[in-house]
Every structure is written in C-alpha cells, then in structure tokens.
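Data block below; observations after.
Chain letters run A, B, ... following the sequence lines, proteins first, then strands; residues in each count from 1.
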Protein chains: 2
Amino acid sequence: MARKRFDDSSCSVARALNEVGDWWSLLVVLHAMYGTRRFVDFQQELGIARNILCDRLARLVDNEVLKKVDVGEHGSRFEYRLTEKGRDLFPIVIALRQWGDKWNPAPDQPALDLRDRASGRPIRPVTVQNADGDSLTVRDVFVRDDSEATLRKDKKQTG
Amino acid sequence: MARKRFDDSSCSVARALNEVGDWWSLLVVLHAMYGTRRFVDFQQELGIARNILCDRLARLVDNEVLKKVDVGEHGSRFEYRLTEKGRDLFPIVIALRQWGDKWNPAPDQPALDLRDRASGRPIRPVTVQNADGDSLTVRDVFVRDDSEATLRKDKKQTG
DNA sequence: TAATCTGGTTTTAAAATGCAACCCTATTAG
DNA sequence: CTAATAGGGTTGCATTTTAAAACCAGATTA
C-alpha cells in the first residue's frame, strides 16, 4: 500500500513534515526564498519533472506556504510567492543548509556565505536557545508534560 | 523512473535532504532525541512498517546520523543511538516543531512545552540571527557570492 | 520443550516518481 | 495574417517506493 500521511497526527513535527517533508517541497521553498517565482524557473533550476512540480506547487498553495498570483504580463502569467507561513520556514531551511555544509561539505566549492544585509557580517549558526539566549543541546532541555500539572499517567506519545 | 537523488548536488540543502529529508527519517531522529533506542520501540511509537524502519535505520547508520550499538542484554540486542551529527539536527527538529505548532496547531491539545533544564524556563523560538544575536528574516540577508571577490559571472546555481 | 521477544526478510498490491508527448493560451516574428 | 515560440500545465506509461502482513531465526523466559 501507499505512503502514510500524518495529517491528523498528534505530533506537530509529523504535521509539518506532511506539508514540507517530502523530497521536493522544501527545495521549492528554498528557491522561492532565493527569488524564484515562475514555473519554468523552478523547473529548470531544480531539474524536477513538470508533473511533480505541478503537484508540489499546488500542495504548497493548498497549505498556504505559497500563494499563486496572476500577473498578466507578457508570457509569464503566474507567479508563486511565499506567504508569511512560507517565509517562516527560513530558520528551518538555513539550519538544514548549515547542517549540510558542516557534515557533508561539497568537496570543491566553499559553503554558501549568508550575511546580514545591514552589517555585512556573516549570520550565526542556528541554535536552540534558552530565555537568556544561551545555546542548548538536546540534553539541556526537558518536556514539561501537560499532565504533570494535573495527573501523572500515559506518558508515551507520538511526538 | 524512480526518485531522484541529490548525493552529488552542489546544494547543501539538497544533500541534507538526501539524508534526512524523507517522510520517516526525521521522525526517527526526533524519537531518538526523546530517548527511543530500540527497534520495536521505534516501530510501535511511529507506527512505521518494519521493512521501512529497517531501511531507514540502516540509511541513518550509513550516513552516521545514528550508530548501531550491540548491547548483549536480555532480548534487546541492539540499540540505535544518535551520533554528534545526529544530535546536531536538534535545531532543525525544534524549528520544525515550532513551525508546526504555530501554523498547524493541534485542535485539542496544547503545543509541547520544551524547557531549559537548568532554569526551568521555556526555550526561545528558533531564529536566524546576525552576529549580534538579532533575529533576521529572509529579506535581511544576502548571499555573499564567492565569485564576487574575483569575477562577476554565472550567478544562478542550485542552492 | 514451548512460547515469546527482538530484529529482521519476503511477498504483494497500491502509490509516487520521471520522462516524454500532448494541449491551450498569449505573445512575438516575419 | 500566419507561423513560431514561451508559459503553464495535463496525460500515459514504465519503473520504484511504500505499506501491510506473513514468515524466519537466534536468544530468553515459562
């Protein structure tokens, strides 16, 4: 049988992956962040099959990550632009890029150098931080269980 | 034909997605961060097919996101534990969770409450920051092109 | 000795993917 | 005015992946 979906999963990570967790969607979002807006440009830059690109764009529009804008200009009639929800994927995309650059660096070319437009200086590595802005590892955090405040049972859950 | 792979892509995001960008891998990593280590536990918590779990665990071990440890204890003979590379996915997983909680909140239950173990206070939203620690949007950054320092040509590239 | 647990592999059917070909509208070239 | 071309898709088909369930084998427990 076919791929399982997580639409109604109690885990928000699973629900997020349901919207942008397949092979192409996040790459489409990435290129949209770099300024790509037109169907043919996505297609050529990504090397994605046209029907798959159609499907991904439609799904991203359905999920309100992109919006489809009718621009009546010569030839190119539609543009796909990021919504606020889509732009909000920025930390995820950058964190993925940094992880890839760190652990699977391209042998020949250097890592992409992203900089703050205002200062011209490089951005920081994306980290999880506490209220004071100190970076935390997975071992530095705990889940404050909801039931902790009321009743202690049924701990294990997907998510 | 089958799924395209990005092993040799010049884009580090594509290479990262090649390792953890499918439907299950990141959920496996997520549960590993929550403490899951044994095959059967992953299988039950995720509701994943056993053959797919086998494949994902093997791929994650191949990519050095997990390591397979032989523990000769009663019954459970292997454990899958996160490597440093795997633990380094922490910001990505948390950013995904926060994005999911923000844009697709579960109707009934509240968002997972992650806290700093030391202070007991909630963690911050994961953001991209400049050198001073100020949060940046996608519009606040630019790519310092490598060729910018030498020669200005051939701008467009996957990644 | 039988039942059970762990960690798989095999089989089978349903989806997803990639490629190429086709379609329709709007623009540009001649 | 007609032909060629670009944008944005849709359709058909062969190949891969996936999911589910059945099966398997070594070690432990009953």
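Candidate nucleotides D/dA19, C/dT25, C/dC19 were compared by shortest atom distance to the side chain of B/N51, and D/dA19 ranks first. Distances were taken from every side-chain heavy atom of B/I52 (C-beta onward) to each of D/dT18, C/dG8, D/dA27; the shortest belongs to D/dT18. Out of D/dA27, C/dA26, C/dA16, the shortest distance to the side chain of A/R56 is found at C/dA16. If you check D/dG26, C/dG8, C/dT25 against the side chain of A/R77, the one that comes closest is C/dT25. The nucleotide whose nearest atom lies closest to any side-chain atom of A/V40 is, among C/dC19, D/dG7, D/dT18, D/dG7.
At D/dG9, one or more side-chain N or O atoms of A/K68 fall inside 4.0 Å of OP1 or OP2 (strictly under the cut-off). Put simply, B/W24 has no side-chain N or O that comes within less than 4.0 Å of OP1 or OP2 on D/dT18.
Mapped onto DNA chain D by nearest heavy atom, A/C54 and B/R59 fall at different nucleotides, with A/C54 at the one closer to the 5' end. If you find the closest nucleotide of DNA chain C to A/W23 and to A/R50, the one lying nearer the 5' end belongs to A/W23.
Of the candidates B/E79, B/R77, B/R50, B/R50 is the only one forming a side chain to side chain contact (heavy atoms under 4.5 Å, CB included) with B/F39.
Atom CG in B/L53 sits about 14 Å away from atom P in C/dT6, given to the nearest Å. Taking atom CZ of residue A/F39 and atom C1' of nucleotide C/dT25, one finds them 15 Å apart after rounding to whole Å. Atom CD in B/E45 sits roughly 13 Å away from atom P in C/dT6 (whole-Å rounding). As rounded to whole Å, 13 Å separates atom C1' of C/dA16 from atom CG of B/D22. Taking atom CZ of B/R38 as the reference point, atom P of C/dG7 lies 6 Å away to the nearest angstrom. Atom CD1 in A/I48 sits about 10 Å away from atom C1' in C/dT17, given to the nearest Å. The distance from atom CG of A/L46 to atom P of C/dT17 is 14 Å, rounded to the nearest whole Å. Taking atom CG of residue A/D55 and atom P of nucleotide C/dT17, one finds them 7 Å apart after rounding to whole Å.
Rounded to the nearest 0.5 angstrom, B/F42 CZ and B/L66 CG are separated by 6.0 Å. Atom CG of B/D132 sits about 6.5 Å away from atom OG of A/S119, to the nearest 0.5 Å.
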Query raised in the report: Are B/T36 and B/D41 close enough, and set up right, to give a side-chain hydrogen bond (donor to acceptor under 3.5 Å, both in side chains), and what steps lead you there?
Result: CA-CA 7 Å; B/T36 303; B/D41 291 335; over 6 Å; no
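Nucleic acid contact class of B/Y80 (heavy atoms, under 4.0 Å, all strands): sugar-phosphate only.
Counting heavy atoms from C-beta on, the side chains of A/L30 and B/C11 come closer than 4.5 Å.
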